[in-house]
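One structure is given here, and the rest of the page talks about it.
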There are 2 protein chains.
Amino acid sequence: MKDVAARAGVGLKTVSRVVNEEAGVTPDTVARVQAAIDALGFRRNDSARLLRTRRTASVGLVLEDLADPFYASLSRAVEDVARAHGALLFTGSSAEDPRREKELVLAFCARRVDGLVVVPASDDHRYLSSEIEAGVATVFVDRPAGALDADVVLTDNAGGTREGVAHLIAHGHRRIGFIGDQQGIHTAAERLRGYHEAMEDAGLPVRPEWWTMGPTAPERVRAALDVMLSGPERVTALFAGNNRVTVTAVRVLSGLSRPVALVGFDDFELADLLNPPVTVVAQDAPGIGRSAAQLLFRRLDGIVSDEPTRIELPARLIPRGSGEIPPS
Amino acid sequence: MKDVAARAGVGLKTVSRVVNEEAGVTPDTVARVQAAIDALGFRRNDSARLLRTRRTASVGLVLEDLADPFYASLSRAVEDVARAHGALLFTGSSAEDPRREKELVLAFCARRVDGLVVVPASDDHRYLSSEIEAGVATVFVDRPAGALDADVVLTDNAGGTREGVAHLIAHGHRRIGFIGDQQGIHTAAERLRGYHEAMEDAGLPVRPEWWTMGPTAPERVRAALDVMLSGPERVTALFAGNNRVTVTAVRVLSGLSRPVALVGFDDFELADLLNPPVTVVAQDAPGIGRSAAQLLFRRLDGIVSDEPTRIELPARLIPRGSGEIPPS
DNA sequence: CTGAAAGCGCTTACAG
DNA sequence: CTGAAAGCGCTTACAG
C-alpha cells in the first residue's frame with residue numbers, strides 16, 4: 001500500500017479510500033491510484049485490515065467429524081449463514097476427543113474469530129467461560145454445553161423418539177425394543193427417555209432385556225438384538241437409537257424369517273431404497289445449523305437478550321414401510 | 001500484552017518470550033509474567049502475531065458442496081493434513097457457481113492463506129495466476145484447473161470406467177449402455193472416454209443410442225434408460241457415470257421383469273444393502289484430499305520442483321452383485 | 001478533497 | 001538475561 005501511495009504520489013489514506021471505495025476522492029485521483037494498484041498488482045491484506053478493525057469477519061465451527069453426513073450438511077448451513085453475513089468459516093473436527101475440541105476452540109479464539117459454533121465433545125466447557133466473557137459469541141449445537149450456561153440449538157430427541165415409538169404402538173406393537181448409543185452421550189440419554197415415556201404413556205410395561213445402551217459397533221448391536229429377539233417375551237418391533245444402529249439392525253432383520261418392525265432415529269440416504277424401506281425419525285441438520293448460525297449473528301449484532309437461549313427443533317417421523325409392519 | 005508487561009514490570013519482549021516459551025528468561029521473571037498473564041486473563045492474539053510473522057498458518061478449501069459425502073470426506077482428509085502441519089482450515093462451497101468460486105478464492109487470498117485447495121467450478125482460473133505468482137500455493141483437486149498449468153490431484157476416471165465396463169464384458173455382456181453427466185464436466189468426459197475405450201478394446205461396436213450425456217436429474221436418466229432398454233438392440237448392462245445416475249438406475253432396474261447388470265462410478269453408503277447389492281468403481285475421497293494437502297504443504301516447504309505436478313489416483317472396482325448379473 | 005500521525009497487537013533485529 | 005525501537009499492513013481520528 002505504501003508502494004502504491006508512492007507511485008501514485010498520494011498519501012496512504014487516499015489509497016485506503018480508493019481501495020474501500022469511499023466517497024470524496026476526485027475521479028482524477030482515483031484513476032491515478034487505480035493505475036498504481038493495477039501496475040503493482042496490489043491487493044488489500046484483509047488480515048491486517050481486520051486487526052485494526054477489531055473484528056475478523058470469521059466464525060469457527062467445531063464438530064465431531066466433517067465427513068459425517070449429518071455434520072456435513074449442518075456445516076453447509078452454517079457456512080451459508082456466515083456468507084450472508086460476510087464472514088468466512090473455519091472448520092475443525094474434534095473426533096469426539098475433548099482435548100482436540102479444546103485445542104480447536106482455543107486456536108479459533110486465539111485468531112479472534114467473531115463467534116463459535118460448537119458441537120460439544122467434552123462435557124466440561126468451563127475453559128470457555130473466560131473467552132465468552134472476552135466477547136466471543138458461542139452457540140452450542142446438537143448437545144448442550146457441559147457445566148456452562150450458554151446458547152444451544154438441538155433436536156427434540158425425547159419428543160422425536162416418543163413419536164417414533166408411539167407410531168409402533170399405533171401399529172399394534174406392545175413389546176418394543178430400544179438400542180441406543182452410550183449413556184453418557186446426551187442425545188442418547190434423551191432418546192432413551194423418550195422411549196420410556198412413550199411406553200409409559202401407552203401403559204405398556206418395559207422389560208429390562210428390551211433396552212440397552214452402549215457402543216454402536218455392529219457386534220454389540222447384533223448381540224443386543226439376539227437377546228431381544230429370543231424367548232417368549234421377544235420384541236416384535238425395534239427402535240434404533242441412531243444411524244449406525246439402524247443400519248446394523250436392517251442387516252440383521254433382513255436375515256430373519258418373521259418380520260420385525262423398525263423405526264430408526266436419524267434419516268439416511270437411500271433409506272427408501274432398502275427392503276423394506278426404512279421408517280425414520282429425521283433430524284433437520286440444515287435447520288439446526290441455520291438456527292445456530294443465525295442465533296450466533298444475532299448475538300454478534302447485540303440483538304438478543306443476555307440470557308442464554310435454548311432452541312429445540314422438532315424431529316419428523318417419515319413412514320416408509322419398516323415401521324408399519326404389524327406384530328408377527 | 002502491554003498491560004501484562006506493565007503489571008509484571010517488564011518489557012514487551014519479555015512477555016513475548018514467556019508466552020512463546022522461549023529460553024533464556026529467569027524462572028523468577030517467568031513467574032512474575034505468568035502471574036500477570038493469569039490475573040489479566042491475557043491470551044496472545046494470533047492474528048496479530050501472524051501479521052508480523054508473514055504467514056497465516058491457514059489454508060483455504062473451496063469445493064462444490066460441503067454437504068456432499070464425497071467432498072465431506074475429502075475435506076476431512078485435508079483438515080487432518082492441515083492440522084498435522086499446524087494450520088487451520090477455511091472451507092467454502094462454490095455450489096458449482098464460477099463467480100462464487102472466484103469470490104471465495106479471492107477472499108481467502110485476501111486473508112493471505114498460505115495455500116489453497118480448489119475443486120474447480122469455473123473453467124478459467126487465470127484470475128488466480130497473479131495470486132500464485134504472489135506466493136499462494138494452490139492445488140486443484142478432482143478436476144484440472146482451466147486455462148492454467150497448476151498442481152492437480154485427480155482420480156483416473158477413464159481408467160476406472162474402463163475397468164468397470166471391462167468387468168461387464170467379462171461377465172458376457174456385449175450391449176452395454178452408458179449414462180453420464182454433462183459433457184462440459186471434465187470427469188464426465190473422461191468417464192465417457194473410458195467407456196468407449198473399453199468397448200473398443202473388446203472389439204465391441206457402440207450404437208449411438210447406448211450412450212448419453214446430460215443433467216443427472218431422475219427424469220432425464222429415466223428417459224435415457226427407456227431408450228436403451230427397448231428395441232431388439234437393447235442393452236443388457238449399464239454403466240452409470242456417477243452416484244446420482246446410479247441411484248436412479250437402481251430404482252428403474254428394480255422395477256423391471258428381466259434383470260439388467262449395473263456398475264456405477266462412485267461408491268455410496270449402503271450400496272451393499274440394496275437388492276441386488278451394487279457393484280461400483282470407487283474413488284478414494286480421503287486419499288485424494290490427503291494427496292492434495294500433502295502436495296500443498298510440500299510446495300509450501302519448497303520441497304517440490306517448480307514444475308506443476310499431476311497426481312492421478314486409481315479407482316477401485318468393488319464387485320457386490322449387480323455387476324455380475326449375466327446377460328438375459 | 002487529502003494526508004500525517006498514531007495505533008491495532010504482536011515480532012524482529014538490535015543493543016546493552 | 002532483558003528491553004526500546006521499528007515495523008507487519010492496514011484504519012482511526014484528526015487537522016487542514
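First the proteins, then the strands, lettered A, B, ... as listed; each starts at 1.
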From the set D:dG3, D:dA13, D:dC10, return the single nucleotide nearest to any side-chain atom of B:Val10. D:dG3

Closest of C:dT2, C:dT11, C:dC10 to the B:Phe42 side chain is C:dC10

Whichever of B:Arg112 and B:Lys13 has the more 5' nearest nucleotide on DNA chain D, that residue is B:Lys13

Backbone N or O of A:Asn157 within a donor-acceptor pair of the A:Thr155 side chain at under 3.5 Å? no

Using a heavy-atom cut-off of under 4.0 Å over every strand shown, decide if B:Arg55 touches base, sugar-phosphate, or nothing. nothing

Examine D:dT12: is either OP1 or OP2 under 4.0 Å from a nitrogen or oxygen in the side chain of A:Arg54? Give yes or no. no

Using both distances under 3.5 Å as the test, list the Watson-Crick or G-U wobble partner of D:dC14, or none. C:dG3

When the distance from NZ of A:Lys2 to P of D:dT11 is rounded to whole Å, what number comes out? 15 Å

Whole angstrom is fine here: how far is it from CZ in A:Arg111 over to C1' in C:dG9? 15 Å

Please check if the side chain of B:Glu64 supplies one atom and the backbone of B:Glu96 the other of a donor-acceptor pair under 3.5 Å. yes

For B:Arg44, which contact category applies under a 4.0 Å heavy-atom criterion: base, sugar-phosphate, or nothing? sugar-phosphate

Taking only side-chain nitrogens and oxygens of B:Ser16, does any of them come within less than 4.0 Å of OP1 or OP2 of C:dC10? no

Separation of B:Arg43 atom CZ from C:dC10 atom P, in whole Å? 10 Å

Whichever of A:Ala23 and A:Ala48 has the more 5' nearest nucleotide on DNA chain C, that residue is A:Ala23

Distance in angstrom units between A:Asp3 CG and D:dC8 C1', rounded: 13 Å

Evaluate the criterion side-chain contact (heavy atoms from CB on, under 4.5 Å) for residue pair B:Leu89 and B:Ser58; output intermediate values, then yes/no. CA-CA 6 Å; B:Leu89 182 67; B:Ser58 58; over 6 Å; no

Send over the distance from A:Glu21 CD to D:dT11 P, rounded to a whole Å. 13 Å

Would you say D:dC1 has OP1 or OP2 under 4.0 Å from some side-chain N or O of B:Thr26? no

Any donor-acceptor pair under 3.5 Å linking the side chain of A:Thr138 with the backbone of A:Val136? yes

When you measure from the side chain of A:Leu12, which nucleotide among C:dG3, D:dG3, D:dT11 comes out closest? D:dT11

To the nearest Å, how far apart are B:Leu50 CG and D:dC10 P? 16 Å

Just compare C:dC10, D:dT11, C:dA13 and give me whichever is closest to any side-chain atom of A:Arg49. D:dT11

Polar pair under 3.5 Å, donor/acceptor by atom type, side chain B:Arg17, base D:dG3: yes

Take atom CG of B:Leu51 and atom P of D:dG9, then tell me their distance rounded to the nearest Å. 7 Å

Does A:Asn45 place a side-chain N or O at less than 4.0 Å from the phosphate oxygens OP1/OP2 of D:dC8? no

If you assign B:Arg52 and A:Thr53 each to the DNA chain D nucleotide with the nearest heavy atom, which residue ends up on the more 5' nucleotide? B:Arg52

Side-chain N,O (A:Thr14) to OP1/OP2 (C:dG3) below 4.0 Å: yes

Looking at D:dT2, I'd like to know if its phosphate oxygens (OP1 or OP2) sit under 4.0 Å from a side-chain N or O belonging to B:Thr29. yes

Any donor-acceptor pair under 3.5 Å linking the side chain of B:Arg298 with the backbone of B:Val304? no

Go through the steps for A:Glu79 and B:Ser93 under the test side-chain hydrogen bond (donor to acceptor under 3.5 Å, both in side chains), then give the verdict. CA-CA 8 Å; A:Glu79 185 203 326; B:Ser93 305; 2.7 Å; yes

Need one value for B:Asp46: base, sugar-phosphate or nothing, where a base atom within 4.0 Å counts as base even if backbone is also close, heavy atoms only. nothing

Taking atom P of C:dT11 as reference, at what distance in whole Å does atom CD of B:Glu22 sit? 8 Å

